[in-house]
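Only one structure is covered here, and it is reproduced in the block below.
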2 protein chains.
Amino acid sequence: MKDVADRAGVSQMTVSSILNGQGSYRDATKRAVMAAIEELGYTPNLAAKRLASAADNRIGVLLLTPATPYMLAVVTAAVEASGNLAAQLQIERWTSLTDAFLAVRKLLAAGTRGVIVPPPLSASTQLLDMIAASGAIPVSIAPGGAPPAAHSCVWIDDEAATAEMTSWLVGMGHRRIAFITGDPEHASTGFRLEGYRRAMEAAGIDPSDQLVVQGDYKWKSGLEAAEMLLGQADRPTAIFAGNDDMAAAVLSFAHGKGISVPDELSVVGFDDTVLATAVWPKITTVKQPVEQMVQLGAEILLKELQSGRKSPKIVHRQLDFTIMARESAAPPR
Amino acid sequence: MKDVADRAGVSQMTVSSILNGQGSYRDATKRAVMAAIEELGYTPNLAAKRLASAADNRIGVLLLTPATPYMLAVVTAAVEASGNLAAQLQIERWTSLTDAFLAVRKLLAAGTRGVIVPPPLSASTQLLDMIAASGAIPVSIAPGGAPPAAHSCVWIDDEAATAEMTSWLVGMGHRRIAFITGDPEHASTGFRLEGYRRAMEAAGIDPSDQLVVQGDYKWKSGLEAAEMLLGQADRPTAIFAGNDDMAAAVLSFAHGKGISVPDELSVVGFDDTVLATAVWPKITTVKQPVEQMVQLGAEILLKELQSGRKSPKIVHRQLDFTIMARESAAPPR
DNA sequence: CTGAAAGCGCTTACAG
DNA sequence: CTGAAAGCGCTTACAG
């Protein structure tokens, strides 16, 4: 950076300001600096930046293992976000709910000042409270439908999302639409189911045509639900699985059964994880903007950490979901 | 760290030495320091450590998007390794082979001095050469069977692995064992197939009983292969898929078809990614120690970077694979 | 076996 | 609109 400053004929501080888009400077100065950067092939040293910036920039993320595709998306997003924000990221793994609390303790002991809490932990008021009580700041990611009042949160409206997807299916002409619920322990489960019900009702579809099978977000439960739903004579024309893992399982089952998707059966999911596009046909699903959610969560954390406030300002940010129309859904025959 | 030193009545440097296990110090000193750390709840600042350590500690990793489960394992491992080694990690995404080269250029432009190259790029001598030519150091991860002579590499013996798994299946009593190959573009594909063939031959199994179907490591190809293999009258009693994604597809197809796994059909995979345990029944597979491989790769890079050598010392490290016996394989009926 | 001091490459009040 | 200088929290030759 010093070399750049010398070459551009300015001070190091000016280079820093320009690089960070702060303060004011003349256009000519900026051009000179940019040119020098180009010529020298300069690239900032992230470690120095992290060190020189506010001291309180250690954030952590809780990683459920064995990792689901969704969790891996969260972690990758956290890595990118910490790069963008010059934060120090610490990843702590957990497996059972008991060691989730242990993992939090480790994180805190390691100096983490803010923690990104993805589902299903993000809906645990108890865990969020514990983090806050210890003096660190939690930010809840996608806690389902209703953000925790006492803590910051980034979320999408799960209920509206399943409602919209269901209506979309109805609009295509489907009436016998089945729904596979998620893990009852997850807060999102109830909201997603509710959205489905609401849309079905709004479409004036006979409740007896509403086929709801309980799942738990895992592949196996999707398989079992598919067996139940597709084994009977009067099959649904569409199956809405509460997440992509279960949708993928339904897809596979249908294949083996010789039921063509989407010709004879539409299958849709939720989340838009890697699975949705790894599988064939690609799954039509609700995209949760995980990267953006985590990035925003990290920003909230860092801003709060650097504000020096005694008690954190609670911020709730709701983001938009998107229906990703792909190949697994079509009008019924 | 200064506080710890003061409390323990030693210098900061002594604390540093003890923390890093370098130099020599009295046991009593160490105890005093440890006690001070405990009392103060001290935790090292990684950013400072990275900055103060050798300057050349920027390493990068190439991430194929959309990410496969295997790729995500690589990235998570890279994040952990960079934490352990106090290195700066830069992640660059690529999608097609052309932008793989672009991604490398970006990485190099960003100051990366060493790059971890996972499959399928790890077998591309051209890409490895390009990295080396630019003055950075490549380390090839799992390039298949034969490590690139000119570059450092961490690998497992894919051929020996499929041979061992095949023999294990034979030992259970299987004779009609099918094999689904991977993407012909990947170096591992040939080696894995060769291991299967070798073991089948060694078992004295009639070549006409050897069913080889071409796949490409993707789920869809596993599905198609399953259709071909299980659609015919004289079905194999076991299917060895070249990776877990294809094995999962076979599993699902069999389910729909009403073929019970492992009772009527054994299915095994390769890699041991999240998919292997997400699915049901859990897949018996060859575990590739990805975390360890990536950690080792990062270590090789950092050691070389800090050696100050003009031309890098080439190191090839072969690690052991493990057969993970789970629920998808059993003796034939 | 232990320490004083310089340096890693940035950012940030504070001046001008 | 721009700069001099201190400081972030570590590591590392070099001495003793």
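A, B, ... follow the sequence lines: proteins, then strands. Residue 1 opens every chain.
- Nucleotide C:dG9 holds its C1' atom 7 Å from the OH atom of A:Tyr42, rounded to whole Å.
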Could you pull out the protein-nucleic contacts involving nucleotides 2-4 of chain D (nitrogen or oxygen on both sides, under 3.5 Å)?
residue : atom : partner : partner atom : Å
D:dT2   : OP1  : A:Thr29 : OG1          : 2.6
D:dT2   : OP2  : A:Arg26 : N            : 3.1
D:dT2   : OP2  : A:Thr29 : OG1          : 3.3
D:dG3   : OP2  : A:Ser11 : N            : 2.8
D:dG3   : OP2  : A:Ser11 : OG           : 3.2
D:dG3   : OP2  : A:Thr14 : OG1          : 2.7

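- If you measure from atom CG of B:Leu85 to atom C1' of D:dC10, you get 17 Å, rounded to the nearest angstrom.
- For A:Leu85 against A:Ala298, the heavy-atom pair with the smallest separation is CD1-CB, 3.6 Å.
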For DNA chain D, just give me the dot-bracket, please: Watson-Crick or G-U, both distances below 3.5 Å, ( ) intra-strand, [ ] crossing earlier pairs, | paired with another strand, . unpaired. |||.||||||||.|||

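- With rounding to the nearest 0.5 Å, the separation of CD in B:Glu291 from OG1 in B:Thr76 is 7.5 Å.
- Contact check on B:Arg7 versus B:Glu39 returns a salt bridge, with a Lys/Arg side-chain nitrogen under 4.0 Å from an Asp/Glu carboxylate oxygen.
- Taking atom CG of residue B:Asn57 and atom C1' of nucleotide D:dC10, one finds them 13 Å apart after rounding to whole Å.
- Contact between A:Thr112 and A:Gly60 at its shortest, heavy atoms only, is CG2-N, 3.3 Å.
- The pair A:Arg93-B:Glu80 counts as a salt bridge, with a side-chain nitrogen and a carboxylate oxygen less than 4.0 angstrom apart.
- Contact annotation: A:Asn20 reaches the phosphate of C:dT11 (side-chain N/O to OP1 or OP2, under 4.0 Å).
- Expressed to the nearest 0.5 Å, how far CD of B:Gln88 lies from CZ of B:Arg113 amounts to 12.5 Å.
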Evaluate the side chain to side chain donor-acceptor pair (under 3.5 Å) criterion for residues B:Glu299 and B:Gln295: first the C-alpha distance (whole Å), next the side-chain angles of each, then the deciding distance (0.1 Å), finally the verdict. CA-CA 6 Å; B:Glu299 282 171 18; B:Gln295 167 81 26; 2.9 Å; yes

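- Atom CG of A:Asp157 sits about 6.5 Å away from atom CZ of A:Phe321, to the nearest 0.5 Å.
- Protein atom CD of A:Gln88 is 14 Å distant from nucleotide atom C1' of C:dC10, rounded to whole Å.
- Considering only side-chain N and O atoms, A:Ser16 lies nowhere under 4.0 angstrom from the phosphate OP1 or OP2 of C:dC10.
- Put simply, A:Lys49 has no side-chain N or O that comes within less than 4.0 Å of OP1 or OP2 on C:dG9.
- Across the protein-nucleic acid pair, A:Lys2 atom NZ and C:dT11 atom P stand 16 Å apart, rounded to whole Å.
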Could you please spell out the steps behind the side chain to side chain donor-acceptor pair (under 3.5 Å) verdict for A:Ser11 and A:Thr14? CA-CA 5 Å; A:Ser11 77; A:Thr14 301; 3.2 Å; yes

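- Following rounding to the nearest Å, A:Met1 (CE) and C:dC8 (P) show an atom-to-atom distance of 14 Å.
- Here the P atom of nucleotide C:dC10 and the CG atom of B:Leu51 are 9 Å apart, to the nearest Å.
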